[in-house]
Amino acid sequence: MFSIYGKLFSILRASFSYSGRTARMEFWSYFCFFVLMFFAALGADVTYIRQQEPSGIALMLYHLMGNREPFVPLYLLLFSPAMLAITVRRLHDRGRKGWWTLIYLIPFFGLFPMVAMLARKSQAGFNRFGANPQDIAALAKRDAQAASPPYDSAPAHSPSPAE
């Protein structure tokens, strides 16, 4: 099991890195986070619209956004680069170039081939974009297990100095 906060932080830290590969689990976990946070921002905007007199930070954001709801555009500005970068790295994992993200721009029909590409299994081994992230994780886990001492190596009873 992985730490969700650690994974999200590592994704956001690499949000402007378009090189390398990303595993399916990492992509879909960030995608779910992205969608849930989008709906949270949308809910904040709806709540904001219903306020009669916004005040404080909400009022400042309202004026900065040109008297529009501030939370969804601000959220998209902050988190869309990370979503684009992780999508490109996921396409690299499938052996495709990042330019395939332009399929999203085809109205109605662009979503289906893109989801099909992103949902498929990784290419095994190396491809032109690097090593398979699952292979790297498996090697790291094996190395960590080899470095740790076995549980049965300590004696069950150690003699005391008085014995």
Side-chain angles (χ1 to χ4, degrees), residues 1-124 126-141:
M1 187 70 183
F2 63 90
S3 167
I4 188 88
Y5 298 113
K7 281 289 188 185
L8 290 175
F9 181 71
S10 69
I11 291 169
L12 291 174
R13 189 178 64 227
S15 63
F16 292 104
S17 173
Y18 293 91
S19 62
R21 295 169 66 170
T22 296
R24 239 186 331 185
M25 179 68 173
E26 186 177 354
F27 172 79
W28 288 111
S29 61
Y30 183 74
F31 179 80
C32 290
F33 167 78
F34 185 80
V35 170
L36 288 174
M37 291 304 292
F38 175 79
F39 283 119
L42 189 62
D45 274 344
V46 168
T47 303
Y48 178 75
I49 291 170
R50 291 184 181 169
Q51 281 185 343
Q52 295 298 326
E53 296 178 20
S55 62
I57 294 174
L59 181 63
M60 181 184 73
L61 287 173
Y62 184 72
H63 289 301
L64 284 174
M65 296 302 294
N67 297 336
R68 297 182 58 200
E69 297 78 31
F71 298 109
V72 170
L74 187 64
Y75 170 75
L76 291 175
L77 180 71
L78 292 175
F79 289 97
S80 290
M83 188 67 207
L84 179 63
I86 199 167
T87 302
V88 167
R89 290 193 313 265
R90 179 70 192 128
L91 287 171
H92 287 176
D93 194 41
R94 293 281 310 128
R96 307 239 183 221
K97 290 186 177 183
W99 291 105
W100 280 90
T101 55
L102 295 176
I103 288 179
Y104 277 135
L105 298 177
I106 300 171
F108 302 111
F109 301 110
L111 183 64
F112 300 112
M114 193 63 167
V115 168
M117 277 191 281
L118 295 172
R120 290 190 177 157
K121 289 173 58 174
S122 303
Q123 276 188 342
F126 285 90
N127 67 12
R128 61 184 169 179
F129 301 105
N132 188 340
Q134 292 174 341
D135 294 344
I136 294 171
L139 288 174
K141 184 177 179 182

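One-based numbering along the sequence shown.
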- Do any N or O atoms from the side chain of Tyr75 and from the backbone of Ser80 form a donor-acceptor pair under 3.5 angstrom? no
- Residues in ring-ring contact (aromatic ring centres under 6.0 Å, His included) contact with Phe38, at least two apart in sequence or another chain: none
When rounded to the nearest 0.5 angstrom, what distance separates [atom1] in [X] from [atom2] in [Y]?
X	Y	atom1	atom2	result
Glu26	Arg21	CD	CZ	12.5 Å
Phe33	Ile86	CZ	CD1	11.0 Å
Tyr30	Thr22	OH	OG1	11.5 Å

- Query: With sequence neighbours left out, which residue pairs that include part of residues 95-122 fulfil the salt bridge (charged side-chain N to carboxylate O under 4.0 Å, His left out) condition?
  - Reply: none
- Query: How are the rings of Trp28 and Phe31 set relative to one another: parallel (under 30°), tilted (30 to 60°) or perpendicular (over 60°)?
  - Reply: perpendicular
- Item | Flag side-chain contact, heavy atom, 4.5 Å: Phe34 against Leu76 | yes
- Message: Quick check: closest heavy atoms across His92 and Tyr18, and the distance to 0.1 Å?
- Response: CE1-O, 2.9 Å
- Closest non-hydrogen atoms of Ser17 and Ala85, given as atom of the first, atom of the second and distance, are O-CB, 3.8 Å
Would you list the atom pairs, donor with acceptor, under 3.5 Å between side chains in residues 106-118 and any protein atom, with sequence neighbours excluded?
none

